[in-house]
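First comes the structure, then the notes that go with it.
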Amino acid sequence: MSESTIESVLHEERVFNPPSEFSSYAHIKSLDEYEQLYEKAKADPVAFWAELAEQELEWFQKWDTVLDWNDPPFAKWFVGGKINICYNCLDRHLTTWRRNKAALIWEGEPGDTRTLTYAQLHREVCQFANAMKQLGVKKGDRVGIYMPMIPEAAIAMLACARIGAVHGVVFGGFSAEALKERLGDAEATLVITADGGFRKDKVVALKEQVDLALANNACPSVQNVLVVQRTKEPVTMVEGRDHWWHDLQKQVSDDCPAEPMDSEDMLFILYTSGSTGKPKGVVHTTAGYNLYTHMTTKWIFDLKDTDVYWCTADVGWITGHSYIVYGPLSNGATTLMYEGVPRPSNPGCFWDIIEKYKVNIFYTAPTAIRAFIKMGEELPNARNLSSLRLLGTVGEPINPEAWIWYHRVIGNEKCPIVDTWWQTETGGIMITPLPGATPTKPGSATRPFPGILAEVVDLDGTPVPANEGGYLVIKHPWPSMMRTVYKNPERFRNTYWEHIAPKDGEYIYFAGDGSRQDEDGYFWVMGRVDDVINVAGHRLGTMEVESALVSHPSVAEAAVVGKPDDLKGEEIYAFVTLEGDYVASDALLKELQAHVVKEIGAIARPGEIRFTDVLPKTRSGKIMRRLLRSLAAGQEIVGDTSTLEDRSVLDKLRSGS
Ligand code: WT7
């Protein structure tokens, strides 16, 4: 764990009550109702979830045991049950009027569009599943998905779920190197990709990256590549390995029954950064994930059948999994998907889409909101955003100024804002307002979802007094919690369950965030307390970037820290010492930046690299990141420096050598 002090910097006094009109129509209508639900769930979480599982999902076979927690920290939910999440997202709606409701509205960056009803989406998913079967994919096989934001990304995920294959989506912005590492760890047998995608007015050549990742038999498990045509740019198709989706689609039937899965069968692996160099494969399973994403989507986004719901995330992240695909579709909602991002040629594209499709619920990231503030109010003000009734944010703490702007300019002071705290590991939203019930305070994710026993504690697991900083923990298993690190249960145990020692057999989930709770029990999440940084809502391990840097021949040692940044929240700041023969130069700096992009992807590009002769270390050789963080932020170094091995290092760094 890090040496960083957890300090609460936000002191925000304003309170915004849910508009009474909104509350009157909401699923959860008052604070009282929330509190009753919360207390009921807390008194008997197992009964609470069992009741919802019965009411809200369709099962092929009911479970025997709701929760098996006999071998902590390895939880099992709905043991003995048989279910299929794709069936719950599609088939069950086909017997209702929703059959012809829009399931997915898609807009491509160049302006092409596509809308799929539930019946149409079901048909394509079945065809896609049959195409995968034809390529030999079986239940339990791992399938890599490396796609632009096109309907086939969601179709591929749902098709995997339908036949019981485990998907591992890799964000399209990751490099071939990063893709190779993830496909290798998952031992994927099939990769689903596209020729390319459109992003920021450029063509992103995804197939080319797949070819690079698979070159020289680097991923021997991969037997086939299924390629969706998107950009129509020329690509190399390897005979026997690569197949066009549109060719296979012509040959396969659209009849593909959903495989009855055990509740605890693996649904997907999603790689995320931690405090060591290698990203970890977060494992999520079927039934609990289905239930939790279903309930959170329903209550937090207060879904109505008439809503158009838009989450701007990429399906490469957990937000895309839970709140573009599974949660909304399980609820029979209309989910909107956009291929592009705001860019100089079209900075108002988000507002155009809200106006065009009359979006009612809009879910985005604080870093995007801060970018919108910078672009000016004229852009949203020039569009009709009156369809909006609810706004959400996710990914990092939102500063009160950005919250207030979002509320005023985008929400016209009438839309509640749900600031949702959660993680890849938690599978779904954990701390959040319920929009018809919870008074909000700008900058606070407010209170835990019913069934979630969140607390702020010290390292002994003892709750800290109100308004004091501590570690954010969860005290009872919840249905969508990650089950393990893929192929590495020990890493699961020691990353999440051992920082705070299990007491009296009570296992406590350690989230890696610092937080405080105010006098009303509201959570104010302060950010990571480990070696993870959050750049524009993207999570990166400092050591991951460091190992990318030291893999360059010029670099002897590297230390990476987050530097506060107005727009991105944090920016990557790297301190680098060079091997003897190399001298610092602008050209080398650029080369190192490009090297990191090649090793990981553009999201990991260091904003600043500082060449130095020495790095501050403890006597045991640990780099003192706390000092480097202060230096990067241009702050005075305060606190204990007595463990520093060589005190002159600080003077050298301060003087710029
Ligand atoms: C980390 C998890 C969960 C989807 C997106 C990120 C930070 C996330 C909030 C929020 C303050 C937040 C935390 C967390 N975070 N949401 N509303 N307020 N911080 O998923 O990549 O797994 O990152 O994002 O630091 O630990 P992720």
Side-chain angles (χ1 to χ4, degrees), residues 1-2 4 6 8-10 12 169 171 173-174 270-275 279-282 284 292-293 296-297 300 311-324 326-327 363-369 391-400 402-403 406 417-433 440-449 454 456 471-474 480-482 485 495-496 499 509-517 522-541 544 562 568-570 603-604:
M1 215 181 309
S2 90
S4 78
I6 307 161
S8 70
V9 282
L10 293 169
E12 175 60 50
V169 184
F171 172 56
F174 277 121
L270 189 58
Y271 287 85
T272 190
S273 299
S275 29
K280 43 186 179 239
V282 170
H284 283 288
Y292 196 78
T293 52
T296 46
T297 311
I300 298 163
C311 164
T312 68
D314 190 285
V315 290
W317 311 115
I318 190 73
T319 311
H321 285 59
S322 302
Y323 299 111
I324 295 178
Y326 291 116
Y363 188 34
T364 194
T367 190
I369 297 167
L391 304 174
T393 76
V394 60
E396 50 182 317
I398 181 163
N399 45 312
W403 195 103
Y406 197 30
I417 296 180
V418 290
D419 171 356
T420 61
W421 177 87
W422 59 296
Q423 310 176 296
T424 306
E425 292 88 339
T426 67
I429 297 168
M430 302 290 277
I431 301 179
T432 176
T440 50
K441 304 182 190 184
S444 170
T446 76
R447 298 172 63 170
F449 194 76
V456 178
Y471 302 101
L472 178 48
V473 299
I474 314 294
S480 66
M481 65 198 280
M482 76 182 280
V485 172
T495 309
Y496 304 104
H499 289 297
Y509 173 80
F510 173 78
D513 278 317
S515 180
R516 76 177 160 93
Q517 260 186 294
Y522 278 42
F523 285 79
W524 297 78
V525 179
M526 297 347 256
R528 303 291 305 194
V529 293
D530 52 8
D531 295 320
V532 168
I533 49 182
N534 191 327
V535 183
H538 298 313
R539 175 168 160 184
L540 287 160
E544 208 178 333
K568 300 182 185 172
E570 282 183 293
I603 51 171

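In listed order, ligands and their atoms are each counted from 1. This one's a predicted model, so the numbers in the text were calculated from it and none came from an experiment. The analysis underlying the following values was restricted to heavy atoms, covering all of them including side chains, and did not include hydrogens, waters or symmetry mates.
An N or O contact shorter than 3.5 Å is missing between T393 and ligand 1 by distance. Some N or O of T420 is nearer than 3.5 Å to an N or O of ligand 1, by distance alone.
Protein heavy atom nearest atom 2 (C) of ligand 1, with residue, atom name and distance: W422 O, 3.7 Å. Among protein heavy atoms, atom 11 (C) of ligand 1 sits closest to P397 N, 3.1 Å. Nearest non-hydrogen protein atom to atom 10 (C) of ligand 1 is E396 O, 3.5 Å. For atom 23 (O) of ligand 1, the closest heavy atom belonging to the protein is R539 CD, 3.5 Å.
Taking 4.5 Å as the limit, some side-chain heavy atom of V169 sits within range of a side-chain heavy atom of H321.
Taking only non-hydrogen atoms, the option from P366, G395, S273 nearest to atom 16 (N) of ligand 1 is G395. Between the choices T424, D513, V525, the shortest heavy-atom distance to atom 26 (O) of ligand 1 belongs to D513.
Side-chain contact check for T426 and Y509: no donor-acceptor pair (N or O, by modelled atom type) lies under 3.5 Å. No hydrogens or angles considered: a donor-acceptor pair under 3.5 Å links the side chains of Y363 and T420.
Between H499 and F510, the ring planes are tilted. Angles from 30° to 60° get that label.
Those atoms of ligand 1 that come under 4.0 Å of a heavy atom in T319, given as number and element, are 4 (C), 5 (C). Less than 4.0 angstrom separates some heavy atom of N534 from each of these atoms of ligand 1: 7 (C), 24 (O).
Side-chain N or O atoms of T364 include none that pairs as donor or acceptor with a backbone N or O of T393 at under 3.5 Å. Side chain of S322 to backbone of G427: a donor-acceptor contact under 3.5 angstrom is found. A donor-acceptor pair under 3.5 Å links the side-chain atoms of E570 to the main chain of N534, judged by distance alone.
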